[in-house]
Structure formats: structure tokens, C-alpha cells
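Proteins come first, then strands; the chains are lettered A, B, ... in the order of their sequence lines, and each starts at number 1.
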Amino acid sequence: MATVPDKPTLEGLEAKWRARWAAEGTYRFDRSKTRAEIFSIDTPPPTVSGSLHPGHACSYTHTDLIARYKRMRGYEVFYPMGWDDNGLNTERRVQLMLGITCDPSLPYDPDFTVPDPVPSRPIGVSRRNFVEQCAQITEILEQKYFDLWSDLGLSVDWSQTYTTIGAHARRTSQAAFLDLIERGLAYRIESPTLWDVDFKSAVAQAELQDRNLPGAYHRLRFTAASTGEAIHIETTRPELLPACVALVAHPEDARYQPLFGTDALTPLFGVRVPVLAHELADPEKGSGIAMICTFGDTTDVTWWRELQLDLRAVIDKDGTLVPNAPHGIDSEAGRAAYAELAGKGTKQAQRRIVELLRESGELEGEPKPIEHPVKFWENGTRPLEIVTNRQWYIRYPDKDAMLARGNELHWWPDFMRVRYENWVNGLIGDWNISRQRFSGVPFPVWYPLDNDGNVRHEQPLLAAADALPVDPSSDVPAGYTEAQRDRPGGFTADPDIMDTWATSSLTPLIAGHWVDDPDLFERVFPMDLRPQAHEIIRTWLFYTAVRSQYLFDSLPWTNAAISGFVTDPDRKKISKSAGNAPDDPTALLAEFGADAVRYWASGGRPGQDTIFDRNQFKVGRRLAIKLLNASRFALSQGEPGPDADITEALDRAVLVALAEVVDAATVALESYDYAKALERIEAFFWSFCDDYLELVKGRAYGGSGDEAAASAQAALRTALSTLLRLFAPFLPFATEEVWSWWQDGSVHRAPWPDAASLRAAGAGADPSVRQVAADVLAMVRKAKSDAKVSMKAEVAHCVVHGPAEVLEAFWLAADDLRDAGKIERLATEMADEFRVEVTLAG
RNA sequence: GGGCGAUUAGCUCAGUUGGUUAGAGCACCUGCAUGACGCGCAGGGGGUCGGGGGUUCGACUCCCUCAUCGCCCACCA
């Protein structure tokens, strides 16, 4: 036990306690505890992006508040940290920082060193070299994050740290994937896929984003094959005309009913396409009849499937029109027209085909400009196309089952459930988990090659469970040798990697060591809490629920606490890309201290956006300083003897009032409302400082005898102990510092305050004593302030008017008031209204 | 187009099941060296609760409607 310092300061507390907590294992998880004794948290592994902003500090503080609270409630808290270093973000960063890019055709170079200086145009390196560099970069960035989290005071057990690309995560991910295959829940199929032409990979529905773009309706003249009559359709994508495979109108649309079952000829290319009926055709849109192309949008895919149409793909994987005219364009004129478009990007192709149509007289009027939503990959810069290729999919569970899970989950705040339900209700198709990228978890799969070198896609060779993790591009399937790789009669590796969510959806399994430590897993799963941002409900939360549904037929957690964004004062989300990130949180921590940053974060209620407000940091810092000083003062009032009794009415009343604060804070924290809890604790603390400390300091110094002094000293220490523990989750550094002055062990392992024992110490006192005393003191102060004299100025006479019960309460604190207010004569008078008459001396 | 949230003092936010003169902090103004804190202490001015309508003895609190902001979703003809 240390002593109380003369001049307490916040400076250096982070470093001091960070080191002490690490050395003493204050937050170490004790795995001998049973599931019922454990509170487990499925931490969001931050994307190790290198740029930190206050949003990180905010939401991670929220989780830590709960972790610390639960720990003090007696739970053994399983609070690991993960680093999300999987996926495209890392690839991009490495390309940017090192000037290298992955070229899988190159061989591995064991002596590779990064180019210096960074070349302006990235140079290609082998996949293995590239992945190695990814690992190195993320390691450096992870250290940065570790430092921030530690300085912020996150009570993470760092021995439980995981990464989403490390061997353990790859093994878990591959094992879970093989399990899905065995049960027929994952499959690989060639089908139309949403495709980003820059990223050159498939993307999933959950990664889509609609953006409004200008476009134009082009009115094209088709002709009925038999009668030669004109059929007008309107399209925003005339460049897809060569991919047209049918026309479609609503079955009840009288205008087009006569045409159903007949054929039409496309303009320019003269391709014969059927005219069909389908419910999805909207009579209100355009001319009411649409051309179906393979593929312009997801509706085209639906029509193509349901109407069993031809495939006439024209968009290549790089977003240009394929070199050769698709089948069906047989006429010389048609081929010549297509040749004008081949190799062009969609924009140029559109420009050219409009010219051609105008020349041929098949464009009616001028294009009508409109604005319409277009699908993008959320990180992409050009609209998505739909191309056909082989992808791995995970079948979605039954919608109703997933909705039931959403209902079963406790959402904080509850209205976030709606987002989940919206998403589940809008699901289309299955979950595409393959990406045509390089850095990620590979599929543990190879395919045999027949003697002609053709890939036997339908006979995948799966890795053995005990061999995981594998990299099929360097590991060899059972029964083959490396020499047979990519040779006729040999084998070839599955070229794809898994989408980052295919692995992130397993974080409870990765952190809980499902794959290699069933004993631990049983103690932590299903987890108690998933904290996360609302923007990834449709991805991380939903996908995790899907995986858990399949593997365990249960929810992965019982609670989901959804945090909002941090916004700038204009309510714009703070992000690197928006360029409005105000300060690196490390700088904020240096300027205001961790407790101050946490104070600001604690004001952000679950599900609501938090405004970045430097003022709140200042307020938080003052609170932490006040806590140090007030504690020093309270402790310097003297130590009560071992059998000191809390006898005075005012002392008892304070403890009873504090018991109410404990109750309120506990209720609030149980429902993840840390902001309300802090508000109540803080309000009490300031009145404790301004009123109670002022009222009792004279008595505590012995002004009214030893017994009365002991009562004050004991009450001060009881209250202080309680307040420190209430504040501990919010201000872990200042509270720990004060605790160390006079208590053993860490305040963060101390029990959460108990309202019942406070009430017992308060011995049923009337809490109004405290209120009346504070009110009278305020009146006396006002009189002095109005007279512009010092608070030390003498009061000659003070008369308190009020009802009998108020006066009775007043007299119980009269001695303390007389002392604190420097009042010579006190008197009371019965009255209906409470009123205080103050006569200053002199 | 559908949905979810928000709208209370200059700013950031509270406001419990509708009930006496709507609260706090910051900022601002006026004071005060008072047994810890001047990153302090005391006091003060300042909102009629986004607009409109309704229910009620009574609404910031309930209902309807409009507006603004933010977000989620939506099959791009």
C-alpha cells in the first residue's frame, strides 16, 4: 500500500498502470472457471489499416466498459483481441506502402527484398512473396494498435490474441469449410456472379452498395419477326444489345399479349429472340417491355434462369466487350456491327452503339437523361457487371430459422433488430464466398486433371482434416506428387481464396479455439456478447449467425451491443476516406489522458452516433483530476479507528443516497446503458465534493469531538471506496491510482459496490437530511455571492423556514452547516414554504 | 420507393409509466484566494421543447401529419 501523494497528477498514470497490469496479469483469463462463471466477448477484430481515428477509441471503450463491469460483478471475463489482417485491405496497403503487387505466374524468390525507393508503378512478385510481405506489414501495424488499446486501458487478455489470417484462423476456417462440404452446405458452381471489373473478383450481395448515377433511356426499335411491326423498348444499357436473348413484358399487359410466343429481331444485329411473359416485368417502366441481356442486372439473371434462356455473354472480366461476337450474331452486318464494339469498355461501347443505331435509324428520338441506382461493390469505383464463372457458395439456412435467431438475440438497442430482419428478408441466392484474389485463406481443395489436361471440377480433392491449414498452391493432395502439379493426369489447385467474411464469421470459434481446444470452447461458447457497429449487421453479425446455425444449431451469442458512428460536428461519419478524421487518437491520449478519452466515449449511447467534441475530453480530464484531488482530501481527513461507527445522520444519509446511485448505475449497465450509469455516478460525485466534503471537513478534523469525527472519517472512506469502484470501468487509471494509495490489490478486481451493505451502514437514515443541508448551504452561499464576499465571510444570523419535517432534518445537520457556512446563530421557523433568511455579519 | 433513428438553451446531451416555475456540463457574465483541486470554488443570465393538427383537466412526454438531418434496405428495362 502506497501513501497519499501531496500533489497527485494524471501524468504518467497510463504507462505506470499499463505495465503493472501486464506484470500482475490483472486481466488474465482463468480458464478453470465454468461456463456459468464466465462472461465471454466476441471482440470485433479491427481491420489493421494503419490509420487510427477516434471512432476506434470510442467503440472499443464501450466494450471495455462492459468487460470491466462484468469482471467486478464477479464474472471471469473472456476478452480476447483479434487483428483482422485478412483480405483485400491488406493487399491494397502492401501495394501502396511497398510498391509491389501479386503476379501469381511468377516463381517464389527466397531472396526478395522490397524495392527502395517505392516504385511509382507497382512491380509484380510471386504470390508467396506477396503474402509474406502482407504478414510483415500487418505485424508492424498490429503493434501500433496494441499500443493504442493498451494506452486506452482496454482490459484485454493479450495472451488470447488472434489474427484472422494466422495459421490458427486458416485452420479453423478451412475445417469449418470442409464441414460444410461434407454436409452438402457448400458447393461450387458455374453461374452468373456479381463482378467488380477493377478488383477482378466476385463480390457478395452483402458487399453491394447502390449509388445513384446519371443514365439515359434509349428507345430502340425491335421488329416483330413475322409481321415486321416495330416493338419499342427502352434501355439504359444499349451496349448490351448484342447480349439480348429475349424480350419480356408482364403477362397481363394487353399491349404485348399478342406478341407472347412470337419472335422479335434485335436492331443492328438482327438476332431472333423470343417475346415472353414474366411477372417481374413492370408495365410502368419504360415502354413496359424490356430486353433481357446476359447480363445487365440481377433481374436479368432471374429471368434467364426462370425462362431458361440462351447465354450470350459480352462483358469480359476486365469490363470490356469480348473480342468475338457471341453466338447468334450470325449475319455479316451483325458481325460487322459487333466488331465496332469488341474490346471497348462499356462507356465507349455505349457511345459507339448509339452512333450505329442512330445511323441505322433504329434509335427513336434522343436518349432521355435519368438518374438511377446502380450497383457497386462497396469499395469499388465502377459499376458491377455480371459475369459467369465458377464460385464457391454457402447455402443459406431457412429464412424463418434465421429470423427466429434474430428474434432470440438481445439487441442493444432493440431497434437494430430491424436491420437484421430487413437484410434476411431481402436475401437473394446463396452466399458467394470465393474471391479471385491472392492474400487470404485458400480453399483446401485441388482438382484432378484428366489426361488431356482438363480440370475435373466435379471431383474435388479435399484436404485431410489433420493436415490443415493447407495452401493448395504449394501443398500437394494425398496420392500425388509436386511434379504432377498442373500436368495432364495430375492435379491443379483451387485458385481462389475465401472472402474475408467466410473467416470473420468464425471469430467466436477462432477466439474460443473450437478446432483445437474443445475444453476451452465449451467454457466460452455461445458467447455472452458481440459488440459491433451497425453497418456490418448484414455481414459480420448475420454471417456469424449463419455459421453458428449450421455448426451448433444455436446463436453464437446472447447479446449484441451495436455501437454508432463517431461523427464530426456536421454529423458526417468520421473516416479516413472522408478526410475528416480530426485527430489521431494517440495524440488525444497524450493531450488529455486515457480516462478523458474514455469519458468522452462513455457518453455515446448504444446505437447512437457520437459527436467528436474536444470539449468532452476537457471535461473528462477535469473529472479525473478532481477524482485524484477529492480522494486525497477525503483520505487526509484522518483514518478512523477499527471500531469507528457511522453515527451521524448526515453521514448515514449520504450512504443511503449513494446506495440509490449504485442501484441506478447497476440497472443501467445491465442494459448496456453505460452513458446513463456514468451520468448518475458523476452527478453524485460532484455533489459529494461540493456539499458533503465541505459540510463534514470541520467535523472530520475533530471540531465536534472524536466520535463525530470518526463517523465522518468512516463515511468518507466508505463513500470513496464505493465511488472509486463505480468509476473504475470508466476511469480505470485514476481510480486505480487512488485505490493503490490505501487499498490492496487492483480496484478492477474489487467487487462491484453493494447497495444493501451501504443501506445497512446508513442504518435507515432519512436521505432528505443531505438534501436539506445542501439546500441551506446553497442559500448561504448565494447570499455571500450576491454580496460579493468571500465564502469564508461570517454569517451573523441564519433562519430556516419550512415544514416541521424539513426543520427536523435540518437540525440533524445543523452543526455541520454552522461550521461550513461560518454561521454564528442558527434558528428555524415553521412555515409552509422552504425559505432561508441569511444575515451577513458586519 | 420501403424502413429505422434523431430533432429540447450558442454547443454537447439528460428528461423515468403524461402532472406543480423544462435539467446538466461546456461556453458566456459577476464574484471569491475557502484546511484537496485556479484543469479550482460560489452565484447568474439564457430554451416553451423542429412546424401544424389532435387526444386529455393537463403533453417535451400519447396519436396523426409535414419538414430537416443521418443511416439501413430496394430487381439498375
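The environment of A/K347 atom NZ is sparse: at most 12 non-hydrogen atoms of other residues, nucleotides or ligands sit within 6.0 angstrom. Heavy atoms from other residues, nucleotides or ligands lying under 6.0 Å from CD of A/E833 number 12 at most. Taking a 6.0 Å sphere around CG of A/D832, one finds it holds 12 or fewer heavy atoms contributed by other residues, nucleotides or ligands. The environment of CD in A/E252 is sparse: at most 12 heavy-atom neighbours from other residues, nucleotides or ligands sit within 6.0 Å.
Residue A/K792 has no polar side-chain atom (N or O) positioned under 4.0 Å from OP1 or OP2 of B/A42. In this model, the phosphate group of B/C41 is approached by a side-chain N or O of A/K626 to a distance below 4.0 Å at OP1 or OP2. Distances shown here put every side-chain N or O of A/Q205 at or beyond 4.0 Å from the OP1 or OP2 atom of B/C75.
Nucleic acid contact class of A/T236 (heavy atoms, under 4.0 Å, all strands): sugar-phosphate only. Residue contacts shown for A/R538 are limited to sugar-phosphate atoms, with no base heavy atom under 4.0 Å away. Backbone-only engagement by A/I428 is indicated by non-hydrogen atom pairs under 4.0 Å involving sugar-phosphate atoms exclusively. A/D690 comes within 4.0 angstrom of the backbone, heavy atoms only, and of no base. A/R621 comes within 4.0 angstrom of a base, heavy atoms only. Using a 4.0 Å heavy-atom criterion, one finds that A/W600 contacts no nucleic acid atom at all. Within the nucleic acid shown, A/Y217 comes within 4.0 Å of sugar-phosphate atoms alone, with no base atom in reach, counting heavy atoms only. Note on A/R419: a base of the nucleic acid sits closer than 4.0 angstrom, heavy atoms only. Heavy atoms of A/E279 sit nowhere under 4.0 angstrom from any nucleic acid atom. As judged by a 4.0 angstrom heavy-atom cut-off over every strand, A/A281 is placed among the base-contacting residues. Within the 4.0 angstrom heavy-atom criterion, only backbone atoms of the sugar-phosphate kind lie near A/I611; the bases stay farther away. Using a 4.0 Å heavy-atom cutoff across all strands shown, A/D210 reaches at least one base atom of the nucleic acid. At a threshold of 4.0 angstrom between heavy atoms, the contacts of A/G296 include nucleobase atoms, whether or not backbone atoms are also involved. The residue A/V619 sits close only to the backbone: its heavy atoms come under 4.0 Å of sugar-phosphate atoms, none of a base.
In this entry B/C32 has B/G40 as its Watson-Crick or G-U wobble partner, both defining distances falling under 3.5 Å. The base-pairing partner of B/G5, taking Watson-Crick or G-U wobble contacts with both distances under 3.5 Å, is B/C69. When Watson-Crick and G-U wobble pairs are counted only if both distances are under 3.5 Å, B/G19 pairs with B/C57. Shown here, B/A24 forms a base pair with B/U12; the pair counts as Watson-Crick or G-U wobble because both key distances fall under 3.5 Å.
Atom CD1 of A/I625 and atom P of B/G40 are 8 Å apart (whole Å). Distance CG (A/L695) to C1' (B/C41): 15 Å, rounded to an integer number of Å. Rounded to whole angstrom, the span from the CD atom of A/E535 across to the P atom of B/C71 amounts to 11 Å. Rounded to a whole Å, the CZ atom of A/R632 is 10 Å from the C1' atom of B/G35. With rounding to whole Å, A/F295 atom CZ is found 17 Å from B/C76 atom P. Across the protein-nucleic acid pair, A/Q608 atom CD and B/C4 atom C1' stand 12 Å apart, rounded to whole Å. When the P atom of B/G15 is taken as reference, atom NZ of A/K676 falls 6 Å away, rounded to whole Å. Atom NZ in A/K285 sits about 13 Å away from atom P in B/G1, given to the nearest Å.
Checking B/G3, B/U30, B/A14 against the side-chain heavy atoms of A/R605 singles out B/A14 as nearest. Distances were taken from every side-chain heavy atom of A/D786 (C-beta onward) to each of B/G43, B/A74, B/A36; the shortest belongs to B/G43. Distance from the side chain of A/K697 is smallest to B/G35 among B/A42, B/C71, B/G35. Each of B/C37, B/G43, B/C76 was ranked by its minimum atom distance to the side chain of A/K782; first place goes to B/G43. Looking at the side chain of A/D297, the nearest of the listed nucleotides B/U34, B/G43, B/C76 is B/C76. The listed nucleotides are B/A36, B/U12, B/G5; the one nearest the side chain of A/F415 is B/G5. Checked against B/A36, B/G3, B/C26, the side chain of A/N615 finds its nearest nucleotide in B/C26. When distances are taken from the side chain of A/Q616 to each of B/U12, B/C76, B/C71, the shortest belongs to B/U12. Comparing atom distances between the A/R622 side chain and each of B/C76, B/C75, B/A27 picks out B/A27 as nearest.
Side-chain contact check for A/R614 and A/Q616: no donor-acceptor pair (N or O, by modelled atom type) lies under 3.5 Å. Using modelled atom types, one finds a donor on one side chain and an acceptor on the other under 3.5 Å when comparing A/Q771 with A/D775. A donor and an acceptor atom, one from each side chain of A/E378 and A/Q209, are nowhere located under 3.5 Å apart.
Only the C1' atoms considered, B/G46 is 29 Å distant from B/U34, to the nearest whole Å. Distance noted for atom C1' between B/C60 and B/A6: 15 Å (whole Å). Separating the P atom of B/C64 from that of B/U55 is a span of 15 Å, rounded to the nearest Å. When the P atom is used for both B/A14 and B/G25, the distance is 16 Å, rounded to whole Å. Of the P atoms belonging to B/U17 and B/C73, the separation is 31 Å, rounded to the nearest Å. For the C1' atoms, the distance linking B/G15 with B/A9 amounts to 14 Å, nearest Å. For the P atoms, the distance from B/C49 to B/G54 is 16 Å, rounded to whole Å. One P atom belongs to B/G35, the other to B/G31, and the distance between them is 22 Å to the nearest Å.
With A/F592 as the aromatic partner, A/R621 does not meet the cation-pi criteria of under 6.0 angstrom to the ring centre and within 45 degrees of the ring axis.
Remark on RNA chain B: of its neighbouring residues A/M779 and A/V418, the 5'-side contact belongs to A/V418, judged by nearest-heavy-atom nucleotide.
Side chain A/E694 to base B/A36: a donor-acceptor pair is found below 3.5 Å.
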Notebook entry, point to check: Given the rule in the ring pair (Phe, Tyr, Trp, His ring centres under 6.0 Å) test, do A/F565 and A/H534 qualify, once you have shown the distances and angles that lead to the verdict?
Noted result: CA-CA 9 Å; A/F565 293 138; A/H534 54 70; 4.4 Å; yes
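The aromatic rings of A/W303 and A/H278 sit perpendicular, their planes meeting at an angle over 60°, well past the 30° parallel limit.
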